[in-house]
Asker: 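Following this message is one structure expressed as structure tokens.
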Amino acid sequence: MEFKIAVLPGDGIGPEIIDQAKKVIIAVGKKFKHTFIFKYGLVGAIAIDKTGNPLPAETLDLCKSSDAVLFGAIGDPKYDNNPAAKVRPEQGLLAMRKELGLYANVRPVTTFPSLIDKSPLKKEIVQGVDIMMIRELTGGIYFGKPQGRSEDGNTAYDSCVYSRYEIERVVKLACEYAMSRSKKITVVDKANVLATSRLWRETALIIGKEYKEVTMDFMFVDNAAMQLIQNPGRFDVIVTENMFGDILSDEASVLTGSLGLLPSASIGLSTSVFEPIHGSYPQAAGKNIANPLGTILSVAMMFDLAFNLKTEAEIIQSAVEKSIENDFVTEDLNRAHPKSTSDVGDWISNYIQGGPH
Ligand code: IPM
Ligand code: MG
């Protein structure tokens, strides 16, 4: 089969980790006789530098005309320290989410047995954790209007807005995931305070009725933040709104030991986007030290969800597991004897092709 992939490396370590993901895609293509057409687009700080726009129209068109988008990372310290900047790299990411209708961000949080000691939590607490975190991605306080400042500049406001439809589609997706897992779902909200959260609860209850086998429970976000640390094993599928999901998914991601390991898929109305959950890690850019595994695992999600090629997805997943078992990993996972970003990419590609490793 033939697939067109939009490649958006972005900033910082983005280009290096994307190179490894691309190697892996090519290796899978050779093994399974698929053809991949890679087309590159600008996004983030590099796009601002070159075009003045963090998401140029050509990039958006490229994404829309592709079968999937492979995304690196965006962000540059020169913008982080300048709250007055008119254009910011993050605007490119948010515009892409809105324009492609990426309504659900799916982040699986699983533990690798050989890495259990890297977790900040006790082994007994984190062992066997397997959470599917589903975050609504195109609504809520990230996009609500009005947003801005009063004329005198002394007051600022953001609005959290949700429609019933926006809640329905992401809760449905979460219920579908629950059906293929242990049929348990936790809806996280702040219904004791927020009107949007009460609509979330009301809507989720109605959707829940369509999934009779799924047990749905509700939890306030502050309690969820606590339980993720105290008893992460109690969670299976979690579904929540945009801002709560942003915070909780970062919290959940460190349970497994390294942020560098976690993949994500942002499910779109037509094209979906696959990206590691970590950021652009500017201190490591160009040094060939960043962990490419989160990006490579995102490629596995791409094969599964965008191309519906399950065997290929599983092979990538098991190649990553093997590289970890063999301790063939970057410095975040092995300080004493680290491998480089490109060495890890080569090892995994060779493994997939059955070559020497
Ligand atoms: C994420 C990031 C983004 C977000 C930033 C970079 C705008 O933290 O993808 O989780 O807040 O959604
Ligand atoms: Mg975030």
Side-chain angles (χ1 to χ4, degrees), residues 8-14 17-18 42-48 53-55 59-60 63 69-83 85-109 131-144 147 158-162 166 170 188 221 224-225 228 238-256 258-268 272-285 290 294-295 297-298 301-302:
L8 275 44
D11 305 321
I13 56 168
I17 51 171
I18 288 291
L42 290 170
V43 72
I46 186 167
I48 300 178
N53 182 348
L55 182 70
T59 303
L60 189 58
C63 294
V69 179
L70 178 61
F71 193 98
I74 56 150
D76 191 299
K78 71 180 177 204
Y79 296 96
D80 294 345
N81 303 327
N82 177 12
K86 290 259 175 308
V87 211
R88 314 181 67 80
E90 289 78 11
Q91 288 165 346
L93 182 62
L94 297 185
M96 183 179 75
R97 289 177 182 166
K98 200 68 177 175
E99 295 289 338
L100 296 179
L102 304 177
Y103 67 93
N105 181 241
V106 178
R107 293 181 174 184
V109 179
I131 301 172
M132 187 59 83
M133 177 80 77
I134 300 181
R135 162 187 176 191
E136 200 290 325
L137 206 57
T138 51
I141 202 161
Y142 272 65
F143 293 96
Q147 181 193 57
D158 298 280
S159 310
C160 187
V161 181
Y162 267 108
E166 288 173 314
V170 70
V188 173
V221 60
L228 267 173
I238 296 178
V239 65
T240 189
E241 63 100 71
N242 205 345
M243 176 75 128
F244 297 160
D246 179 46
I247 298 167
L248 292 183
S249 60
D250 268 27
E251 188 190 356
S253 72
V254 297
L255 299 179
T256 61
S258 173
L259 191 61
L261 279 175
L262 289 199
S264 85
S266 297
I267 306 296
S272 296
V273 176
F274 300 86
E275 61 173 312
I277 87 146
H278 59 70
S280 58
Y281 192 12
Q283 306 82 340
T295 318
L297 289 168
S298 304
M301 293 185 85
M302 178 188 287

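Every number for a ligand or one of its atoms is a count from 1 in the order of the listing.
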Asker: Taking the side chain as every heavy atom from C-beta outward, state whether Pro108 and Pro263 have any atom pair closer than 4.5 Å.
Answerer: yes
Asker: With distance as the sole criterion, is a donor-acceptor pair present between the side chains of Asp246 and Tyr142 under 3.5 Å?
Answerer: yes
Asker: Report yes if Arg135 has an N/O atom closer than 3.5 Å to an N/O atom of ligand 1; otherwise report no.
Answerer: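 Right, the criterion is met.
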Asker: So does Asp246 have any N/O/S atom less than 2.8 Å away from the Mg ion (ligand 2)?
Answerer: yes
Asker: Can you check which of Arg88, Glu275, Arg97 brings a heavy atom nearest to atom 9 (O) of ligand 1?
Answerer: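 Result: the heavy atom closest to atom 9 (O) of ligand 1 is in Arg97.
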Asker: Drop me the distance from Ile141's CD1 to Asn242's CG, to the nearest 0.5 angstrom.
Answerer: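 Between Ile141 CD1 and Asn242 CG, I get 10.0 Å after rounding to 0.5 Å.
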Asker: Does the side chain of Ser249 pick up a donor-acceptor pair with the side chain of Arg107 at under 3.5 Å?
Answerer: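 There is such a pair between these side chains.
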Asker: Note the single closest protein heavy atom to atom 6 (C) of ligand 1, along with its residue, its atom name and the distance in Å.
Answerer: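 Here the closest protein heavy atom is Glu90 CG, 3.8 Å.
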Asker: Give the atoms of ligand 1, by number and element, whose distance to some non-hydrogen atom of Tyr142 is under 4.0 Å.
Answerer: 4 (C), 11 (O), 12 (O)
Asker: Can you list the atoms of ligand 1 that are under 4.0 Å from a heavy atom of Arg107?
Answerer: 1 (C), 9 (O), 10 (O)
Asker: Looking at Phe71, does the NZ or CZ of Arg97 lie under 6.0 angstrom from its six-membered ring centre and within 45 degrees of the ring axis?
Answerer: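 No.
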Asker: Compute the shortest N/O to N/O distance between Asp246 and ligand 1 and return yes if it is under 3.5 Å, no if not.
Answerer: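 Yes, since at least one N or O of Asp246 sits under 3.5 Å from an N or O of ligand 1.
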Asker: Any heavy-atom pair between the side chains of Glu136 and Thr240 that's under 4.5 Å?
Answerer: no
